[in-house]
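Taking it in order: structure first as structure tokens, then the write-up.
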Amino acid sequence: MGSIGFAEPTLLELVPTLVGESNFSLWTTSLKWTLDSRDVRYYELLTGVWSEPNAVDPTQPTADEIEAHSQWDTASRYLLPLLNATIHQTAKFYILDANNARTAYASLQRAFAVRSYEAGFTNFLKFINTTYTSNRPQEFVNEWRTALGELQESNSTKLTPLLIFYHFLNAVSVNQAARPWLDSFLHSKVSTDTTIEATFADFVVSEDRRLNTLSQANSPSQAHSFNLADFTSPLPFFCKFHKRHANHSSDQCFKNPANHGKPPFNKLATNPAQSTLTKDQPLK
């Protein structure tokens, strides 16, 4: 029975494309694993552990010195195009002037490795300082999710789902007014199936309800229960039997029990502020 073969993964399948400080750590780690599987000296060349051999007397190098330099130069020529293939177009200008693989890798490390730490620490500070102080729940959730995404993008900190969940609750707890939701949520709704998205939704709905209630209490005119008689109207009377403004007063309303059995009133009842119509004053 013949052996079963398989295609060996290519370098580009094993090493992610370097885009900058956000994934330098992942890129260099993947690069090391991949190169070590081929020759452990390759990554040592990139990092300078396997340094470029120099002859004691450059004018008269020995055969061993020539061979040592030839091996290093051959490995460098092999690695340089590999590095170039794993770098995004926007980052290639960092290695344009590199004449060997060691110089190219050192240039990328200077550009991204230190900045990776700085960017990660900045994103970490932004994340832990994003708390609920605005009384705008949806806006806070959006800001918190953005801060989380930037922190995860920097690859500086590995956050588990449980840590993310409890950090969100801690960010909410800064606002004392939101404590009732927090207590209720923790005691009645949290389970092993609770997702962070479900937590976001429950928080926003609860806070919107609380803030709307608070707004109505502070501004009665904005409440849903209102008295129609309080509104100004172009009509001169407010009829308590019709419960609205009208052209007639309550005393003149046909629904007024006191008017039962009396002749019907003129539908064009006048405003008391106007003079009484006479035969000499035609209607307009």
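Along the sequence shown, residues are numbered consecutively beginning with 1.
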Would you mind reporting whether I164 and W144 have side-chain heavy atoms less than 4.5 Å apart? yes

Thinking salt bridges, do E44 and R41 make one under a 4.0 Å N-O criterion? no

Are the charged groups of R145 and E197 less than 4.0 angstrom apart, N to O? yes

Ignoring hydrogens and geometry, is there a side-chain-to-backbone donor-acceptor pair from S107 to I95 under 3.5 Å? no

Measure the shortest side-chain to side-chain distance between L26 and S30 over non-hydrogen atoms and say whether it is less than 4.5 angstrom. yes

Close side-chain approach of S173 to N170, heavy-atom, < 4.5 Å: yes

Closest non-hydrogen contact found for P137 with D208 is CG-OD1, 3.4 Å

Are F185 and L182 close enough that some pair of their side-chain heavy atoms sits under 4.5 Å apart? no

With a 3.5 Å cut-off and no angle check, do the side chains of N142 and Q138 form a donor-acceptor pair? yes

Can you check whether L163's main-chain N or O pairs, donor with acceptor, with H167's side chain at less than 3.5 Å? no

Pairing of E52 and R102 as salt bridge, 4.0 angstrom limit: no

Side-chain contact test, heavy atoms from C-beta onward, threshold under 4.5 Å: evaluate it for L31 versus L46 and give yes or no. yes

Less than 4.5 Å apart, any side-chain heavy atom of Y105 and any of L79? no

Is there side-chain contact between L82 and T86, with at least one heavy-atom pair below 4.5 Å? no

Backbone N/O of R209 and side chain of T213: donor-acceptor pair under 3.5 Å: yes

Given side chains that start at C-beta, do those of L18 and F112 come closer than 4.5 Å, heavy atoms only? yes

Looking at H69, is its backbone amide N or carbonyl O close enough to the side chain of D73 to form a donor-acceptor pair, meaning the two atoms are under 3.5 Å apart? no

Output field: ring centroids Y132/F168 closer than 6.0 Å: no

Fit a plane to each ring of F203 and W181, take the angle between them on a 0 to 90° scale, and name the class: parallel (under 30°), tilted (30 to 60°) or perpendicular (over 60°). perpendicular

Please report the shortest heavy-atom distance between A55 and E65, naming the atom on each side. CB-OE1, 3.2 Å

Examine distances only and state if a side-chain atom of S188 and a backbone atom of S184 form a donor-acceptor pair shorter than 3.5 Å. yes

Under 3.5 Å, is there a donor-acceptor pair linking the side chains of T34 and Y43? no

Looking at S25, is its backbone amide N or carbonyl O close enough to the side chain of T28 to form a donor-acceptor pair, meaning the two atoms are under 3.5 Å apart? no

Taking N23 for the side chain and T17 for the main chain, is one N or O donor matched with an acceptor at less than 3.5 Å? yes

W72 side chain vs W50 backbone, donor-acceptor pair below 3.5 Å: yes

